[in-house]
Number of protein chains: 2
Amino acid sequence: MAGPTLRDVAAEAGVSIRTVSNVVSDYPYVADDTRARVQAAIDRLGYRPNLLARSLKQGRSHVIALVVPELDVPYFAELARLIIAEGRERGYLVMIDHTDGDKNLERELILQNARPMNFDGVILSPLALSGADLSERPPGAPILLLGEKSFDSLADHVAIDNVAAADEATTHLIDIGRSRIAAIGVQPSGYDTAKLRLKGFRRAHRRAGIPVDRSLLMTATRFHRTDGAEAMRRLLARPDRPDAVFCFNDLLALGAMRTVLAAGLRVPEDVAIVGFDDIEDGRFSTPTLTTISPDKQLIARQAIEQILTRISKSDDAAPIEIRAPFRLAIRESTAGVPRDGGSRHQADRPASRPTRSDSQP
Amino acid sequence: MAGPTLRDVAAEAGVSIRTVSNVVSDYPYVADDTRARVQAAIDRLGYRPNLLARSLKQGRSHVIALVVPELDVPYFAELARLIIAEGRERGYLVMIDHTDGDKNLERELILQNARPMNFDGVILSPLALSGADLSERPPGAPILLLGEKSFDSLADHVAIDNVAAADEATTHLIDIGRSRIAAIGVQPSGYDTAKLRLKGFRRAHRRAGIPVDRSLLMTATRFHRTDGAEAMRRLLARPDRPDAVFCFNDLLALGAMRTVLAAGLRVPEDVAIVGFDDIEDGRFSTPTLTTISPDKQLIARQAIEQILTRISKSDDAAPIEIRAPFRLAIRESTAGVPRDGGSRHQADRPASRPTRSDSQP
DNA sequence: CATAGGCTTAGCAACGATGCAATAGTGCGC
DNA sequence: GCGCACTATTGCATCGTTGCTAAGCCTATG
């Protein structure tokens, strides 16, 4: 169970523990034949350094934690994968934990006291974390936030410009001729993401001179398919249903799409849909989903790079804010089909989709 | 950066380090007032035990690794979430890593030498790992395999009965009147999962007295949507296209479904589709996806329980095999719509789906 | 009154590694 | 011939914690 230690290798090679350590850590002043002898002993015994002991001594674990609300939400899974990969390239292990939505407060607290496991840093994708929570954090491993700018930045963060992105998505709906546009994903309070996306939604309306119908702002406690489906059901039950929906994430959008289609309506002809996040599902739904596509690869890289900088330099500089790029991926769910008023049941399903503004894998 | 240690607390409380340790670990023979004094000091300083040091001393890290091929494949993400949760309940941290498909061999090897991080155990979901690879593993942390029975079991494993499940899925297609049934996901070699599912597929045919058309067995190098879409494209290009498809996982099925719908055909009327895994996407696709639904919750629990048993008892008993239950979730993609020969373009989209054998969230 | 036994506290060594710096041995220049 | 720079190897202390065990005290019991 215990595995060989430096001591065992030293005995095997007939040198001191220290010399073995020197070989392992590539210390230059080791005679060639000694090095060879030690290496042979290492191979023979199958020695592997005990990272726990090394970490303890060095005061650094080479592990960073990634905390997301829910790992099985595709956006987070995709991001987690990229962050793990980025960390690995730099010799860091990434430990994932999830807060399960609302329980986050308690979990968050545990993570702010994250010293226990000796994470060298924590990358946190907050749901309902306030600036106050952050400021109460005891000094320890650096924290980096993914997503929203949490009030007065008390920590680094990496995010796309949510307002601009939501604006662009909404403007796209306006551009294809929609005017009764609903929003799904509005949050009661505290959730920065939703706030910023709503802000962009409003801004687009303002610029286009279209009033926002407040009754079309649908709240969603969580950002799952089922919430999107439910919100859309409420929307369809109204006499004056919307002709487009901007959903604050792709899962909401896919849930909403399901409801629209199951009700016998067409997407985008009757209801155009735009999502947010560009998860893979949306590239294979029917119709495929128009969505805001953040550059996840870049987000992952910048997050890791920035937190490693903090770690290595114990950098006390002011928190920085990193803007990652995004683009609007236009697909079939808004397919540029012009709004044509009453002819609601004109065609069957088109045999092949006409426009394809975005590559389909 | 360093945080207070036992020593600091001891000084603060005016007792020995050992006594503080006794308080922290709930040793019963500590005088009440001493305990109170120490606790106060702990609170005042914000002391948190250093788990690295504790692990080093105890020779146990309370971390287990979960290695999956790809974290952003929904099935694995869902499973990972459950396993993390199960581990957490038992005081274990679960560290996730992914092998990225084929690179797995090298990564696997690293993980078999997983001692570095001092994982107490490794839960591995292998893609192309052979029994030989396993037997070469140096003795160390116990390994548990998720999924297929890898030849002569050299490690515990938890899995559903893939042959029976594939059989049931295929039989369902036969029961609703299909006879030209394709399979998507056949693997060239070495991949146990695919082999077993193909075996069940054949068995169902044999029992029903229907010959298997080998040209309908579609290989797929990976199990992604795009592979399913591509395979289905090849199938549809044939003059004698199939009337049903059994896909070896849900992603393949969703990709295949996309292709069928984009070609202007109907699911299930023209082509019925069954998947495997029951990922959430399939419950919200249109049509919703009939699929084999393994009891993931139970798989996660049993995997954690079994590996913790091995860890705690350093149990040398023979490897055991745990069968998790599954069921066939019948949804719209096979919706019991009877096969009606030529009338391919009969109806428009049904306004509301007729049968609903499975709950829709 | 002596002794056993329970309570309470603490000292020491050790987990496996590395930082620091000392000890030798060699070759070189002046 | 001596000091100095450089190479090669090593011992000791230490990271923060816990296992083991001793020591002191107090109470109950024969």
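Note that the coordinates shown come from a computational prediction; the quantities given were computed from them, not determined experimentally. Labels below follow one simple rule: chain letters A, B, ... track the order of the sequence lines, proteins then strands, and each chain is numbered from 1.
Of the candidate nucleotides dT17(D), dC15(C), dT14(D), dT17(D) has the atom nearest to the side chain of R54(B).
A donor-acceptor contact under 3.5 angstrom links the side chains of Y92(B) and D120(B), judged on distance only. Looking at R54(A) and N50(A), their side chains never bring a donor and an acceptor atom within 3.5 Å of each other.
Across the protein-nucleic acid pair, I17(A) atom CD1 and dT14(D) atom P stand 17 Å apart, rounded to whole Å. Whole-Å rounding puts the Y47(B) OH to dT18(D) C1' distance at 11 Å.
Each of Q58(A) and A53(B) has a nearest nucleotide on DNA chain C; the 5'-most of these lies closest to A53(B).
With sequence neighbours excluded, the residues that form a side-chain contact (heavy atoms from CB on, under 4.5 Å) with I160(B) are N162(B), A165(B), F276(B), I292(B), P294(B), I299(B), A324(B), F326(B). With sequence neighbours left out, E305(A) forms a side-chain contact (heavy atoms from CB on, under 4.5 Å) with R90(A), R301(A). Residues that satisfy the side-chain contact (heavy atoms from CB on, under 4.5 Å) test with D72(A), not counting sequence neighbours, are E70(A), A77(B), E78(B), R81(B). When the side-chain contact (heavy atoms from CB on, under 4.5 Å) test is applied to I17(A), the partners found at least two apart in sequence or on another chain are L6(A), R7(A), A10(A).
Across its full length, the helix from dC1(C)-dG30(D) to dC30(C)-dG1(D) shows an angle of 60° between the axes of its 5 terminal pairs at either end, rounded to 10 degrees.
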- Message: So if I define the base as every atom that isn't primed, P, OP1 or OP2, how would nucleotides 3-9 of chain D read as a B/S/- string at a heavy-atom cutoff under 4.0 Å?
- Response: ----SBB
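Rounding to the nearest 0.5 angstrom, the gap separating the CG atom in L144(A) from the OG atom in S125(A) is 10.5 Å.
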